[in-house]
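Naming convention: chains lettered A, B, ... in sequence-line order (proteins, then strands); numbering from 1 in each chain.
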Number of protein chains: 2
Amino acid sequence: MSETAERLKRNNIRPSYARIRIMEYLMEHPVHPTVEDIYQNLVKEIPTLSKTTVYNTLDLFVRHNLARVVTIEENETRYDADTTNHGHFKCETCGSVYDFTINDDGLETKGIGDFAVTEKHVYFKGICKKCLYSKE
Amino acid sequence: MSETAERLKRNNIRPSYARIRIMEYLMEHPVHPTVEDIYQNLVKEIPTLSKTTVYNTLDLFVRHNLARVVTIEENETRYDADTTNHGHFKCETCGSVYDFTINDDGLETKGIGDFAVTEKHVYFKGICKKCLYSKE
DNA sequence: GTACACATTTATAATAAATCCAAGATTGGA
DNA sequence: TCCAATCTTGGATTTATTATAAATGTGTAC
C-alpha cells in the first residue's frame, strides 16, 4: 500500500483511489491549487472523476486536518496540504502565492483577550522578488 | 456638503448620492457587511439602487483605499471602511466577526525577505468570549 | 467465493455570488 | 442650456459551490 494510503488510513479515511490521487496531487503541487486545478489535472488520468468528488474529498481532508483552506481575497477556494502554521504571500503582479514561515510569538493582539483561538491565518500582499527585479 | 461627500471629493471620487450613502453605511455598520447586506438595507431608501452599483462603488472605494476587503474563508466578500492595519476574529459558533488591534513589529517572517509588502492581513478563528461563557 | 450492508462516486440540477453589457440618467463645465 | 463624460441601472451571463438521488465499489460475514 502506498505511503499516502497508509496516511489516510491512520486518519480514519478509507484510502479510495480518488482520495489517494487528490492527496498526492495536493502534496506534489504545493502551489495552493483550486478545485478546478485539481479536477482538470486529475480527470486526465481518472476520466470518470467528478468535480463533486473533488469538493467532497477536500472537505473531508480539511475536517480531518490533512489540508487547509487558503483564502486570499479571491472567489475561488484554494487548498494546501501543509497544515502547519505558516503565512501566505500573494504577488499582485504575477499572481503567485508563496509560503513563508512565521513566528507569531511576538504578535501582540489587543481586544480578543479571553477568546479561544483555534486557527491563525496570516497573509500578505505585494510584489515578489522576481517581479520586482524584472520591472521594465 | 456632507462630511462624507467632502471626503470622497478629497479622494477624487465624485460624490454621487449612491456613493455617499454606501460609504456612510459602511462607516455606520462596522460589522464588515456583505454586498447583499448593504444592498438590502440601502434599497429601502433608494428604491432604484442596483446591486451592480454596490459592487462598482465598493470596488472604487477599495481602489482608492477608502475601504478594504475582508476575507475569512467565506464565499461572500465583506467590506470594511477601516483601512488601518487590524486583525479580524471570526467566532465559529455565533459567526460574528470582531476587530482587534495588532502590533506586527514582533512578527518574524522568513522566506519573503526581499518582497515588497503592501498589505498585511491577519485573521483568527475560534470561539468568542460570549459564546464561551454561554456554553451549555 | 458470494451476498449484503454501507461507503463512495457520479451526473444532473439547483443555488448563489459576481461580472458583463448596453441603454438610460445624471453631472460638471463650456 | 447643451454637450460630453461619467455614473447608474436591470437583466442576462458566468462561475463556484451545494444538494440530491442513482449507480458503483468495498469490506466482511457466511
Side-chain angles (χ1 to χ4, degrees), chain A residues 1-2 4-6 8-25 32-64 66-67 69-79 95, chain B residues 1-2 4-6 8-25 32-64 66-67 69-79 95:
Chain A
M1 192 183 292
S2 80
T4 305
E6 301 274 16
L8 293 182
K9 259 196 157 173
R10 276 201 304 279
N11 285 277
N12 298 314
I13 293 174
R14 285 235 291 239
S16 73
Y17 187 60
R19 289 170 176 176
I20 293 170
R21 291 301 297 127
I22 291 172
M23 174 54 77
E24 284 175 352
Y25 187 88
H32 323 91
T34 63
V35 168
E36 189 65 24
D37 292 335
I38 298 168
Y39 173 74
Q40 287 303 338
N41 282 285
L42 289 184
V43 79
K44 292 177 197 160
E45 63 175 272
I46 316 173
T48 65
L49 184 69
S50 103
K51 221 181 258 187
T52 307
T53 298
V54 180
Y55 276 104
N56 291 340
T57 303
L58 290 169
D59 282 354
L60 190 71
F61 290 167
V62 170
R63 284 203 306 280
H64 285 78
L66 293 177
V69 172
V70 178
T71 317
I72 309 191
E73 280 179 37
E74 276 169 13
N75 32 14
E76 252 182 314
T77 305
R78 295 174 170 275
Y79 290 85
Chain B
M1 188 183 294
S2 79
T4 305
E6 302 275 15
L8 293 182
K9 260 197 156 170
R10 276 201 305 280
N11 285 276
N12 299 312
I13 294 175
R14 287 231 293 238
S16 73
Y17 187 60
R19 289 169 176 177
I20 292 170
R21 291 299 297 126
I22 290 171
M23 175 52 79
E24 284 175 353
Y25 186 89
H32 322 90
T34 62
V35 168
E36 189 67 23
D37 293 335
I38 298 168
Y39 173 75
Q40 287 303 338
N41 282 286
L42 289 184
V43 80
K44 292 174 195 162
E45 63 175 272
I46 316 171
T48 65
L49 183 69
S50 106
K51 221 178 260 186
T52 305
T53 299
V54 180
Y55 276 105
N56 290 341
T57 304
L58 290 170
D59 282 355
L60 190 69
F61 290 168
V62 170
R63 283 203 308 279
H64 284 78
L66 293 178
V69 172
V70 178
T71 317
I72 309 192
E73 281 179 36
E74 275 170 14
N75 30 14
E76 253 183 313
T77 305
R78 294 172 170 277
Y79 290 85

* A:R19/A:I22 under side-chain contact (heavy atoms from CB on, under 4.5 Å): CA gap, chis, key distance, verdict -> CA-CA 5 Å; A:R19 289 170 176 176; A:I22 291 172; 5.9 Å; no
Using a heavy-atom cut-off of 4.0 Å to chain A, what are the terminal contacting nucleotides of DNA chain D, in 5' to 3' order?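 Range of nucleotides within reach of chain A: D:dA16 to D:dA19.
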Would you kindly give the [atom1]-to-[atom2] distance between [X] and [N], to the nearest whole Å?
X     : N      : atom1 : atom2 : result
B:E36 : C:dA18 : CD    : C1'   : 12 Å
B:I46 : C:dA25 : CD1   : P     : 18 Å
A:N75 : C:dA18 : CG    : P     : 7 Å

Qualifying residues under side chain to side chain donor-acceptor pair (under 3.5 Å), relative to [X], sequence neighbours excluded:
X     : value
A:N75 : none
B:T34 : B:D37
A:Y39 : none

Do any of residues 50-61 of chain A sit with a heavy atom less than 4.0 Å from DNA chain D, and if so which?
->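 Residues of residues 50-61 of chain A under 4.0 Å from DNA chain D: A:T52, A:Y55.
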**Asked** Do any of residues 16-24 of chain A sit with a heavy atom less than 4.0 Å from DNA chain D, and if so which?
**Response**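 Nothing qualifies; none.
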request  = Can you sort out the partners of B:T71 under side-chain contact (heavy atoms from CB on, under 4.5 Å), two or more places apart, ordered by chain and number?
outcome  =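 Scan of B:T71 (side-chain contact (heavy atoms from CB on, under 4.5 Å), adjacent residues dropped) gives A:T71, A:E73, A:Y123, B:V69.
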| message | Categorize B:T77 for me: base, sugar-phosphate, or nothing, with a 4.0 angstrom heavy-atom threshold over every strand shown. | response |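 Sugar-phosphate only.
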Of the non-hydrogen atoms in A:L49 and A:L42, which two are nearest, and what is the gap between them?
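Minimum heavy-atom contact is CD2-CB, 3.7 Å.
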* Compare every heavy atom of A:S2 with every heavy atom of A:I20, then report the nearest pair and how far apart it is. =>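 Between these two residues, the closest heavy atoms are CG2-OG, 4.1 Å.
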Residue pairs involving residues 49-62 of chain B (criterion side chain to side chain donor-acceptor pair (under 3.5 Å); sequence neighbours excluded)
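Residue pairs with at least one partner in residues 49-62 of chain B: B:E36-B:K51.
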### Task
Return the set of residues passing salt bridge (Lys or Arg N to Asp or Glu O under 4.0 Å) with B:R21 (not counting sequence neighbours), or none when no residue passes.
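B:R21: salt bridge (Lys or Arg N to Asp or Glu O under 4.0 Å) contacts with B:E24, B:E45.
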_Residues forming a ring pair (Phe, Tyr, Trp, His ring centres under 6.0 Å) with A:Y25, sequence neighbours excluded_ =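 In terms of ring pair (Phe, Tyr, Trp, His ring centres under 6.0 Å), with neighbours along the sequence ignored, A:Y25 is linked to A:H29.
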